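Because the structure is a prediction, the values reported are computed rather than measured. Proteins come first, then strands; the chains are lettered A, B, ... in the order of their sequence lines, and each starts at number 1.
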Amino acid sequence: MNQGLNHPPPKRESDAEASRIAPRSGSLSERARAAAAPAAYLAGLNHEQRLAVETTEGPVLVLAGAGTGKTRVLTTRIAHLIATGRARPSDILAVTFTNKAAREMKARVGMLAGPAAEGMPWLGTFHAISTKILRRHAELVGLRSDFTILDVDDQIRLLKQVLQAANLDEKRWPARQLASHIDGWKNRALGPDQVPHGEAAAFANGRGAELYRHYQERLKILNAADFGDLLTETIRLFREHPDVLAQYQQRFRYMLVDEYQDTNVAQYLWLRLLAQGREPGHRNLACVGDDDQSIYGWRGAEVDNILRFEHDFPGAVVVRLERNYRSHAHILATASHLIAHNEGRLGKTLRTDDEPGEKVTITGAWDSEEEARLVGEEIEALQAKGHNLSEIAILVRISAQMRELEDRFVQLGLPYRVIGGPRFYERMEIRDALAYFRCVAQPADDLAFERILNTPKRGLGDATVQVLHAHARAARIPLMEAARFIVETEELKPKPRGALRELLSAFSRWSSLIDTTPQTELAEMILEESGYTEMWQKDRSAEAAGRLENLKELVRSLEEFPDLRAFLEHVSLVMDAVENDTEDRVSLMTLHAAKGLEFDTVFLPGWEEGLFPNQRALDESGRAGLEEERRLAHVGITRARRRAKIFFASNRRIHGLWNATIPSRFIDELPEDHVEVTEAPAAFSYGGYGKSRFDEVDSFSSSYATPGWQRAQNRGGFSGGGSRGGFAQGRGGYGGASGSGRGGLLIEGELVAKSSGPASEFAPADRVFHIKFGPGSVAAVDGNKLTVDFDKAGRKMVLDSFVQRQG
DNA sequence: CGGAGCGGGATTTTT
DNA sequence: TCCCGCTCCG
């Protein structure tokens with residue numbers, strides 16, 4: 001044992017093949033020295049982390065709970081492989097999901113292993129690595145090595161053309177929907193011929209697979225690949241060309257995968273193909289992930305991949321990282337207790353030696369406006385105590401929740417920043433500018449050409465596009481080339497012909513400069529001469545100034561690249577821009593966007609049934625959907641280091657209508673010992689009859705996923721047994737107004753109204769009166785929630801305190 | 001060809 | 001309620 005603790009037997013040394021293909025980076029003496037000195041990079045790792053780092057041979061699954069040092073393990077593992085001479089940087093395949101993660105990993109490996117790790121050539125996203133491989137062997141999958149990568153916009157436009165060619169009504173069969181089907185199929189590595197019959201039938205009367213095929217054909221003609229293709233075409237390459245596959249199998253002696261719980265079927269196959277090159281016991285594949293943080297099922301991630309790891313890779317060592325270094329004990333206990341309600345999980349118990357800290361707070365607000373007000377007040381209070389705003393985050397379930405919070409922050413003059421949302425390269429003006437650059441660098445890029453043909457307006461509308469398309473298709477040439485022919489004919493009216501001729505000569509001019517002019521200069525010239533900059537200068541809308549600013553930023557960012565082509569390659573894969581905002585502001589983002597981040601204080605508003613867990617997730621995916629929502633809640637709580645603050649409102653505006661809401665079932669799943677229900681100060685400044693007080697629950701009235709609720713729905717009658725309770729409004733609220741005397745449930749600041757609590761005073765068939773919906777009869781009772789068939793308004797779910805007994 | 005007006009839809013989002 | 005995308009008309 002030359003490597004110290006838990007080092008596995010050096011099987012590799014006896015692996016003749018591996019030795020042959022793997023010259024070591026250091027001499028024997030260097031390796032021996034590295035082995036003898038207790039490596040500095042291992043210092044400070046706990047036992048499990050060290051095991052995860054040092055189990056280099058064979059398949060390893062590292063289950064890394066939130067805040068347990070996952071990235072540290074991953075980067076240290078790479079450093080360890082290099083420092084011990086097991087692998088050169090170029091022998092290691094390290095895959096991440098996002099460019100951000102790849103960047104961070106590169107930086108951290110560099111810090112640990114020094115220049116030896118410089119330029120890990122195979123550290124990157126699935127997509128970036130796939131692109132690199134595909135460009136080398138493009139011709140084997142029917143592409144040229146300079147194929148373009150389509151962004152979502154391009155994809156949609158292309159699909160619209162496919163739908164039009166198929167004579168389908170775009171209203172009835174939207175391109176977006178087809179795109180999501182195709183993405184789904186590609187996520188599962190299904191080609192047009194492998195689409196299950198039933199699924200193909202779901203679109204355009206069974207023409208789904210056919211359209212998918214046409215789309216793929218169009219892509220090949222355009223010499224283009226969409227994001228899904230980057231993976232599926234690589235898989236096809238590997239399957240159809242075993243020699244190519246073998247080459248990569250030999251190259252990647254060690255493989256690491258980050259966020260394994262987020263892999264989809266295609267990514268799984270991709271990995272498995274590469275891992276299979278070795279003897280089963282020597283598949284050096286280390287996957288790091290957390291099944292409890294799998295929140296991307298809706299876009300194809302298969303939690304199953306991680307749940308099945310030991311089955312897929314027999315002999316796998318599973319290491320659990322359960323020691324949390326992030327959160328105070330109350331927070332951790334709360335998150336753990338909540339996530340324990342999930343059944344589909346491998347099971348981990350996070351622990352910490354940290355102090356208990358503050359309990360997780362739960363605060364009920366009257367409505368979403370008040371909720372926003374309370375959040376704002378608490379933030380101001382923290383600020384007054386000297387907390388940095390940048391250590392505070394507000395995590396919401398859906399973006400629509402942000403608006404009210406933002407409104408409030410603006411009123412308070414509280415600096416905030418929204419994380420996520422449209423990214424830099426997704427902005428219209430950036431895409432337009434990039435389309436110009438693409439046309440200059442790749443004159444055959446039809447989609448780019450079409451995008452800017454009439455932007456800014458130059459009188460080249462639909463009619464012109466049709467003519468160009470017809471010629472291009474007939475002659476099997478790119479649009480720009482077709483355009484060059486057409487301007488020499490009488491095909492177009494004089495005006496558009498002149499405009500087109502002018503545009504073409506501009507492109508010729510720019511293209512001729514591409515190798516001689518500095519790229520920033522060329523870019524500025526293009527934007528200037530095309531009239532694009534002028535278009536925004538003339539625009540008097542509020543955003544115009546920002547757009548011009550973005551264009552400047554774009555030109556500036558060009559400086560970091562050797563030329564325009566290199567820049568375009570970067571941009572097509574890296575759709576994010578590095579943020580360098582250092583101002584002290586609170587962060588506002590969705591729970592999804594928060595994964596991987598941490599803050600001292602985390603606000604979690606909107607914990608209401610229907611919103612969170614989100615009704616749509618429940619409707620679409622049933623129990624699996626509920627569990628994913630619960631994981632989302634778990635992710636939210638575990639973002640907090642010192643304070644987690646949960647809020648719910650009793651009334652929320654949805655699509656402009658006020659809806660009465662009930663607290664999220666997740667609130668009832670929190671451990672009472674670690675949470676505290678706080679009173680909403682000044683919660684009832686509304687007095688009297690708030691505008692939102694008497695309102696319906698109708699948008700949430702579709703079936704809940706809990707068995708009890710479904711039973712109730714089916715039977716139309718129901719008593720007790722439900723899993724959800726609720727919180728009373730602090731202060732007894734409107735008890736007096738309701739007249740139904742539910743005082744027993746309205747205990748100040750207490751966890752009340754569990755379904756096992758006092759039975760409702762109402763029973764099915766009772767006649768009731770609702771101030772808004774009028775008279776109706778009770779159909780079902782669940783604790784303090786009634787399902788009422790209103791004579792005029794139909795079936796609604798309401799809280800019993802909103803109705804009065806009649807007759 | 002381009003602006004105004006209308007209807008439908010409205011989680012989560014990376015590459 | 002609000003936003004986007006398409007249709008209709010000038």
Side-chain angles (χ1 to χ4, degrees), chain A residues 95-102 124-131 149-152 154-156 160 169-172 174-177 180 183 186-187 225-232 258-259 262-264 266-267 294-301 368 395-404 419-423 425-426 428 453-465 493 495-496 499 570-576 589-596 606 610-621 625 628-629 631-633 635-636 652-659 699:
Chain A
V95 218
T96 63
F97 273 83
T98 64
N99 294 296
K100 192 173 159 217
T125 62
F126 276 101
H127 296 267
I129 291 169
S130 295
T131 305
I149 298 165
L150 301 192
D151 64 27
V152 183
D154 298 329
Q155 198 186 355
I156 297 293
K160 277 187 180 158
D169 179 8
E170 268 193 69
K171 274 270 167 61
R172 202 148 163 227
R176 296 205 161 271
Q177 201 184 324
S180 82
D183 280 346
K186 287 184 178 176
N187 282 339
D226 65 19
F227 281 119
D229 285 341
L230 297 176
L231 289 163
T232 54
D258 190 16
E259 307 279 15
D262 288 338
T263 50
N264 60 33
Q267 286 153 345
S294 163
I295 55 175
Y296 286 110
W298 51 273
R299 67 176 194 212
S368 41
L395 313 183
V396 295
R397 177 62 183 82
I398 61 170
S399 311
Q401 285 174 263
M402 291 185 185
R403 193 194 199 109
E404 269 177 309
I419 312 259
R423 274 171 302 282
Y425 291 115
E426 283 171 18
M428 187 204 331
L453 184 61
N454 201 28
T455 311
K457 309 273 184 250
R458 35 173 92 84
L460 300 172
D462 220 26
T464 311
V465 175
K493 294 203 181 98
K495 245 193 194 162
H570 167 83
V571 167
S572 59
L573 284 168
V574 182
M575 295 293 282
D576 60 353
M589 70 193 91
T590 63
L591 287 159
H592 285 91
K595 199 172 91 167
L611 180 60
F612 190 38
N614 192 272
Q615 190 58 46
R616 244 174 105 164
L618 265 37
D619 290 343
E620 281 166 23
S621 316
E628 185 155 310
E629 293 288 301
R631 291 193 290 266
L632 208 43
V635 165
R652 184 172 296 276
R653 201 158 34 183
I654 293 155
H655 306 327
L657 290 172
W658 283 98
N659 288 93
S699 75

Among B:dT15, B:dT13, B:dT12, which nucleotide has an atom closest to any side-chain atom of A:T98? B:dT15
If we require ring centres under 5.5 Å and near-parallel planes under 30°, does A:W298 stack on B:dT12? yes
Within the 4.0 Å heavy-atom criterion, would you say A:D226 contacts the bases, only the backbone, or no part of the nucleic acid? nothing
I need the CG-P distance between A:N187 and B:dT14, as an integer number of Å. 14 Å
Where along nucleotides 1-10 of chain C does protein come under 4.0 Å, by heavy atom, of base (B) or sugar-phosphate alone (S), with - for untouched nucleotides? BSS--S----
Would you mind telling me which residue lines up with the more 5' stretch of DNA chain B, A:A400 or A:A463, judged by nearest nucleotide? A:A463
Closest approach of A:A266 to A:K186 (non-hydrogen atoms, all atoms of both residues): CB-O, 3.5 Å
Would you indicate what A:T464 reaches in the nucleic acid, counting non-hydrogen atoms under 4.0 angstrom: base, sugar-phosphate, or nothing? sugar-phosphate
Closest approach of A:P496 to A:T464 (non-hydrogen atoms, all atoms of both residues): CB-OG1, 4.1 Å
Which of B:dT13, B:dT15, B:dT11 is nearest the side chain of A:E629? It is B:dT11
Rounding to a whole Å, what distance do you find between A:E426:CD and B:dT15:C1'? 10 Å
Whole angstroms only, please: what is the CG-C1' distance between A:L611 and B:dT12? 11 Å
Output the single nucleotide from B:dT13, B:dT11, B:dT15 whose closest atom is nearest the side chain of A:H592. B:dT13
All heavy atoms of A:R299 vs all of A:N187, minimum pair found to be O-ND2, 3.1 Å
For A:N99 and B:dT15, is the shortest distance between a side-chain N/O and OP1 or OP2 below 4.0 Å? yes
Taking the side chain of A:A593 as heavy atoms from C-beta outward, which of B:dT13, B:dT12, B:dT15 is closest to it? B:dT13
Quick one: A:L231 CG to B:dT14 C1', roughly how many Å, whole number? 11 Å
Where is the tightest heavy-atom contact between A:L573 and A:A128, given as atom of each residue plus distance? CD1-CA, 3.9 Å
Rounded to the nearest 0.5 Å, how far apart are CG of A:L453 and CG of A:L460? 5.0 Å
Checking side-chain contact (heavy atoms from CB on, under 4.5 Å) for the pair A:W298/A:E620: CA distance, chi angles, key distance, verdict? CA-CA 10 Å; A:W298 51 273; A:E620 281 166 23; over 6 Å; no
For B:dT12, does the O4'-C1'-N9-C4 (purine) or O4'-C1'-N1-C2 (pyrimidine) torsion place it in syn, i.e. within 90° of 0, or in anti? anti
For B:dT12 and C:dG5, measure between their P atoms and round to the nearest Å. 16 Å
B:dT12 base / A:R397 side chain donor-acceptor hit below 3.5 Å: yes
Expressed in angstrom and rounded to an integer, what is the separation of A:N614 atom CG from B:dT13 atom P? 12 Å
Categorize A:I149 for me: base, sugar-phosphate, or nothing, with a 4.0 angstrom heavy-atom threshold over every strand shown. nothing
Using a cut-off of strictly less than 4.0 Å, decide whether A:S399 has a side-chain nitrogen or oxygen near OP1 or OP2 of B:dT12. yes
Nearest-Å distance, CD1 (A:I419) to P (B:dT13)? 12 Å
Compare side-chain N and O positions of A:S572 against OP1 and OP2 of B:dT15 and report whether any pair is under 4.0 Å apart. no
If you look at every strand shown and take non-hydrogen atoms under 4.0 Å, does A:A617 touch a base, only sugar-phosphate, or nothing? base
If you take all heavy atoms of A:T125 and A:F97, which pair is closest and at what distance? CG2-O, 3.6 Å
Kindly point out which of B:dC1, B:dA10, B:dT15 is positioned nearest to the side chain of A:R616? B:dA10
Check the angle between the aromatic planes of A:Y296 and A:H592 and answer parallel, tilted or perpendicular using the 30° and 60° thresholds. tilted
Whole-Å distance, A:Q177 CD to B:dG8 P, equals 16 Å
By nearest atom, which of the nucleotides B:dT11, B:dC1, B:dT13 is closest to the A:D462 side chain? B:dC1
To the nearest angstrom, how far is A:H127 atom NE2 from B:dT14 atom P? 12 Å
Is the phosphate of B:dG2 approached by A:N454 (side-chain N or O, under 4.0 Å from OP1 or OP2)? yes
I need the minimum non-hydrogen distance between A:G606 and A:L611, along with the two atoms involved. O-CD2, 3.4 Å
With a 4.0 Å cut-off on heavy atoms, is A:Q267 in touch with a base, just the backbone sugar-phosphate, or nothing at all? nothing
